[in-house]
2 protein chains.
Amino acid sequence: MALPNGPVTTSSEAEAVLFDLVDVYERAYEAAAAELSLSPAQACVLGRLDERRGMGALAEELGCDASNITQIVARLEALGLVTREPNPRDRRARLVARTPRGDEINHRFTTAFTFARTAVGRLSPDEQDQLTALLRKALS
Amino acid sequence: MALPNGPVTTSSEAEAVLFDLVDVYERAYEAAAAELSLSPAQACVLGRLDERRGMGALAEELGCDASNITQIVARLEALGLVTREPNPRDRRARLVARTPRGDEINHRFTTAFTFARTAVGRLSPDEQDQLTALLRKALS
DNA sequence: TTCATTACTTGATTGAATCAAGGAATATTG
DNA sequence: CAATATTCCTTGATTCAATCAAGTAATGAA
């Protein structure tokens with residue numbers, strides 16, 4: 001379990017709740033991945049493969065080094081969740097795609113990761129809209 | 001940089017904004033730590049030492065194995081940011097405390113980690129209260 | 001006093017992340 | 001077209017986080 005990333009002392013209640021949210025979110029994500037014997041990074045990459053993608057595209061989207069993706073995809077491949085096919089249009093490149101088993105595991109993961117759904121579900125539709133608007137403004 | 005932990009496809013806008021928030025928060029935390037050549041975990045532990053604490057207390061608070069704390073504290077100690085003093089009341093235990101330099105670095109970290117402050121600051125006091133209430137409800 | 005428990009450390013292992021360097025294919029440009 | 005640069009990815013090395021099993025030393029309880 002990754003350590004929480006948050007200040008202990010916050011100057012406002014809103015900040016404290018933000019920190020709580022991030023912490024609980026992360027733990028829930030990690031727990032859902034762990035249920036399927038996946039690391040968070042593996043679950044993350046697997047989740048980006050609704051469409052087949054090149055290694056470089058994954059790295060750019062996830063904001064990390066390509067060699068990091070090489071590593072993670074290699075483990076997913078060893079687990080039989082992903083394939084690395086040659087790209088017919090560019091023989092330097094590889095196209096990563098989920099296997100049927102990868103699809104299944106990914107589906108089970110999205111089912112197991114209920115946190116965001118559940119949290120949002122505690123709010124009425126109006127409240128959900130308010131939350132969306134407030135967070136958008138806060139993030140702008 | 002840790003990979004983002006979020007589903008690509010979300011069933012509601014609120015969920016998507018939650019994911020964005022978590023992602024941006026994490027990256028900001030990591031960036032602030034990196035500015036001071038700290039890992040997120042090191043920044044986290046350093047931040048919990050406003051009061052001196054035992055290793056076990058840190059582990060419990062952070063929800064991880066004691067040996068993980070041993071490791072992280074050892075690195076902080078090597079950096080001169082923390083001391084491990086014997087606990088006079090229990091010679092098995094150690095009390096971890098920030099050094100003056102640790103205080104300074106921790107202060108610089110909390111200054112550098114502006115994300116939550118800035119995000120909340122974009123909202124009016126009323127909006128901050130609304131956000132707090134909504135998130136509390138969502139997290140309940 | 002014996003025995004269990006607590007507090008922490010050590011050692012081993014796995015995996016994420018980053019960097020430097022390199023191979024192979026493609027793109028550029030002279 | 002040939003030479004060069006660039007892109008795409010991999011490999012190897014390193015650092016650190018995290019977990020587990022095992023161990024030491026001190027405390028507490030029977």
Side-chain angles (χ1 to χ4, degrees), chain A residues 1-5 26-27 29-31 33-34 36-46 48 52-79 81-97, chain B residues 1-5 26-27 29-31 33-48 52-79 81-97:
Chain A
M1 189 77 75
L3 299 190
N5 288 343
E26 292 290 333
R27 289 179 187 272
Y29 191 93
E30 206 166 325
L36 299 163
S37 304
L38 295 177
S39 69
Q42 287 165 356
C44 171
V45 168
L46 202 59
R48 309 276 158 158
R52 60 170 53 173
R53 263 186 175 66
M55 310 284 291
L58 281 169
E60 190 180 2
E61 186 179 341
L62 299 176
C64 71
D65 196 272
S67 63
N68 196 11
I69 297 295
T70 296
Q71 231 181 6
I72 294 165
V73 166
R75 291 192 185 107
L76 288 172
E77 196 180 26
L79 294 170
L81 305 180
V82 135
T83 58
R84 262 185 303 194
E85 303 161 7
N87 184 337
R89 305 189 149 202
D90 183 343
R91 287 184 309 178
R92 295 168 297 182
R94 303 282 195 98
L95 288 173
V96 188
Chain B
M1 192 75 77
L3 299 190
N5 287 344
E26 291 290 334
R27 287 177 189 274
Y29 192 93
E30 206 165 323
E35 272 183 42
L36 299 164
S37 303
L38 295 177
S39 70
Q42 288 166 354
C44 172
V45 169
L46 203 58
R48 308 277 158 156
R52 61 169 54 175
R53 263 186 174 66
M55 309 285 291
L58 282 168
E60 191 180 0
E61 186 179 342
L62 299 175
C64 72
D65 196 273
S67 63
N68 196 10
I69 297 295
T70 297
Q71 232 180 9
I72 294 165
V73 166
R75 290 191 187 106
L76 288 172
E77 196 179 25
L79 293 169
L81 305 180
V82 135
T83 58
R84 260 185 305 193
E85 304 161 7
N87 184 337
R89 306 187 147 203
D90 183 343
R91 287 185 309 179
R92 295 169 297 183
R94 304 282 195 96
L95 288 173
V96 189

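This is a predicted model, so every value here is computed, not measured. Proteins get letters first, then strands, A, B, ... in listed order; numbering begins at 1 in each.
- Less than 4.0 Å separates DNA chain D from at least one heavy atom of each of the following residues of residues 64-77 of chain B: C64(B), D65(B), S67(B), N68(B), Q71(B), I72(B), R75(B).
- Side-chain contact between E61(A) and P4(B): absent, with no pair of heavy atoms (C-beta onward) separated by less than 4.5 Å.
- Here the straight-line distance linking atom CG of L95(B) with atom CZ of R84(B) works out to 12.0 Å at 0.5 Å rounding.
- Look at CD on E30(B): it is 12 Å from C1' on dC16(D), rounded to the nearest Å.
- Between the P atom of dT6(C) and the CE atom of M55(B) lies a distance of 18 Å, rounded to the nearest Å.
- Rounding to whole angstrom units, CG of residue L95(A) and P of dT7(D) are separated by 19 Å.
- Comparing G54(B) and A2(B) by the nucleotide of DNA chain C whose heavy atom lies nearest to each, the residue mapping closer to the 5' end is G54(B).
- Distance check: L81(B) CG to L46(B) CG gives 6.0 Å after rounding to the nearest 0.5 Å.
- Rounded to an integer number of Å, the gap from CZ of R53(A) to C1' of dC8(D) is 17 Å.
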Name the atoms and distances for all side-chain donor-acceptor pairs under 3.5 Å in residues 33-41 of chain B, with sequence neighbours left out.
from: S39(B); atom 1: OG; to: Q42(B); atom 2: N; distance (Å): 3.1

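- Atom CZ of R94(B) is separated from atom C1' of dT9(C) by 9 Å (rounded to the nearest Å).
- Atom CG of L58(B) and atom P of dA18(D) are 13 Å apart (whole Å).
- Within the 4.5 Å cutoff, the side chain of Q71(A) has heavy atoms near those of the R75(A) side chain.
- For E60(B), the CD atom counts as loosely surrounded, since its 6.0 Å shell holds 12 or fewer non-hydrogen atoms of other residues, nucleotides or ligands.
- A59(B) comes within 4.0 angstrom of no nucleic acid atom, judged by non-hydrogen atoms across all strands.
- Rounded to whole Å, the distance from CZ on R84(A) to P on dC8(D) is 17 Å.
- Within the 4.5 Å cutoff, the side chain of I72(B) has heavy atoms near those of the L3(A) side chain.
- Atom CZ of R52(B) is separated from atom CG of N87(B) by 8.5 Å, given to the nearest 0.5 angstrom.
- dT10(D) atom P lies 13 Å from atom CG of N87(A), rounded to whole Å.
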For this session: Going 5' to 3' through nucleotides 22-30 of chain D, assign each nucleotide B (protein heavy atom under 4.0 Å from a base atom), S (under 4.0 Å only from sugar-phosphate atoms) or - (no protein heavy atom that close).
Result: ---BBS---
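- Between R48(A) and C44(A) the shortest side-chain heavy-atom distance falls below 4.5 Å.
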